[in-house]
Amino acid sequence: MTERSAFVVVANRLPVDEVAAEGGREWRRSPGGLVTALHPVLAAHQGTWVGWAGGTDAAPGPFDVDGIHLHPVPLSGDELEKYYEGQSNATIWPLYHDAVEPPMYKRSWRDAYRRVNARFADAAAEVAADGATVWVQDYQLQLVPAMLRERRPDLRIGFFLHIPFPSIELFMQMPQRVEILRGLLGADLVGFQQRLAAQNFIRLARHLLGLRYVGQTVEVDDRRVKAGAFPISIDTAEMERMGADPEVQARAKQIRKELGDPKTVILGVDRLDYTKGIEQRLKAFRELLAEDFLSVPDAVMVQVATPSRERVEHYQTLRVKVEREVGRINGEYARVGVPAVHYLHQSYSRAELAALYRAADVMMVTPLRDGMNLVAKEYVAARGDLGGALVLSEFAGAASELKQAFLCNPHDPDGVKDALRRAVTVDQVEARRRMRIMQRHLRSHNVERWANTFLTELRGEA
Ligand code: GDG
């Protein structure tokens, strides 16, 4: 029988990657804030992480990495297409991001989502010890809390949504709306990035199911379900260390040199996703070039667009649109040997990202809607030199905390241009002042605090 744990994390992916090693392949912990934050809690409780290991061959049996038990859940090729690419990423993802692309609804996707969520709930029920705390993560697994409660009423169940939670009007589109809401209400504590999202959820419970609520607590079947805002963060100390690393700094210098030592380097780093506002920022850059406010080679833009969800149609269309815009800008404004936009549809190491952050005079984070946006926080933390300026969309969760950024409405092209103009021309004293305040905030509000706050509240110790 599997060893049972007092603390269990359930997430779509396991926090490990399979890498080539001497004598075959082995599992390594993947970099990422969530696993960094949860590792100490998992290690202290002989905790287990339940998730998909990647791949659609038979899943490996349970194994340990760095003191954490990993419990793989298998997915078939058909399930990957319907549960993950379909219901999770072509229905729920666009709907929860204000339907900036139209959500697609399919019965077979919903069926697969239900089937896979039940499998995750079975696995969690199997590995959780009596009275264990189980923390379910994100939009792929919204049915798991209720399914798990049905199997194991003794558990303390938390759920955290990493993406926005939409208004009632939008949520009501979803054919599976009652099932999803009931799924989430299976938890004792439902966490969101923003207060507004928690409010949307509570009001929805009244609107759709007629449930009573007092403050942030909904009453359902003689139980109380609490909703709250728990804005996620980064491992600030780690990003500060990376930014201060002499090798990273040397690489940052080299990057600037390779770019032709321009006066102004403008940077974007995102998964290639239609919520991230990549086209909007390219357009702002193009118009400032057209107006001669910026000119090549004095100013160049670097856009890292990490490949993402490449089999989902909206992502294929987006790629074509972004690449067309990059081509247009370079066609009009590049010189031989000096592109205006350096477009990189590739993945990079964390150290290379840190070097890019250190090399950038202006970081543009312009999502149309984003739960939080960790790139904005990473950029600030990497700038121990107090250099650089952050342009940030009001529609990113991060905007509620990073108030000293140059905030803009990404739906308003003049607003984006204005923020970029101000970030490019800000005087040093003012720029350093803004950076310093944001860094102070991130030092106290790091991902460890996020996890502790959520878990303290979940265990009723708050
Ligand atoms: C979801 C929500 C919320 C990017 N390219 C590379 C790379 N990255 C890293 C970044 C950052 C992370 O990926 C992206 O996090 P974001 O928060 O910016 O965005 P999502 O992926 O959409 O995340 C979001 C988040 O969940 C957490 O709750 O903030 O709102 O949408 O850490 O640095 N990392 C590496 N190579 C790359 O090329 N190594």
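Only this structure's heavy atoms are used, side chains among them; waters, hydrogens and symmetry mates stay out. Whatever order the structure lists ligands and atoms in, that order sets their numbers, starting from 1.
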Note: P410 and Q280 closest approach over all heavy atoms is O-CG, 3.4 Å

For residues 184-194, dump all side-chain donor-acceptor pairs below 3.5 Å to protein atoms at least two apart in sequence or in another chain.
{"unit_1": "D188", "atom_1": "OD1", "unit_2": "R149", "atom_2": "NH2", "d": "3.1"}
{"unit_1": "D188", "atom_1": "OD2", "unit_2": "R149", "atom_2": "NH2", "d": "3.0"}
{"unit_1": "D188", "atom_1": "OD2", "unit_2": "I157", "atom_2": "N", "d": "2.8"}
{"unit_1": "Q193", "atom_1": "OE1", "unit_2": "I232", "atom_2": "N", "d": "3.1"}
{"unit_1": "Q193", "atom_1": "NE2", "unit_2": "H162", "atom_2": "O", "d": "2.9"}
{"unit_1": "Q194", "atom_1": "OE1", "unit_2": "S400", "atom_2": "OG", "d": "3.1"}
{"unit_1": "Q194", "atom_1": "NE2", "unit_2": "G397", "atom_2": "O", "d": "3.2"}
{"unit_1": "Q194", "atom_1": "NE2", "unit_2": "S400", "atom_2": "OG", "d": "3.4"}

Which residue pairs pass the salt bridge (Lys or Arg N to Asp or Glu O under 4.0 Å) test with at least one member in residues 359-380, sequence neighbours excluded?
-> D98-R369, R256-D361, K276-D370, R350-E378, K377-E401

For the residue pair W49 and R13, what are the closest heavy atoms and their distance?
-> NE1-O, 3.1 Å

Pairs where residues 361-399 contributes a residue and the test ring-ring contact (aromatic ring centres under 6.0 Å, His included) is met, not counting sequence neighbours = F395-H411

NZ/K417: more than 12 non-hydrogen atoms of other groups inside 6.0 Å = yes

Who's touching ligand 1 if we go heavy atoms under 4.0 Å?
-> W93, H162, Q193, I232, R271, K276, T306, S347, Y348, R350, L353, Y357, D370, G371, M372, N373, L374, V375, E378

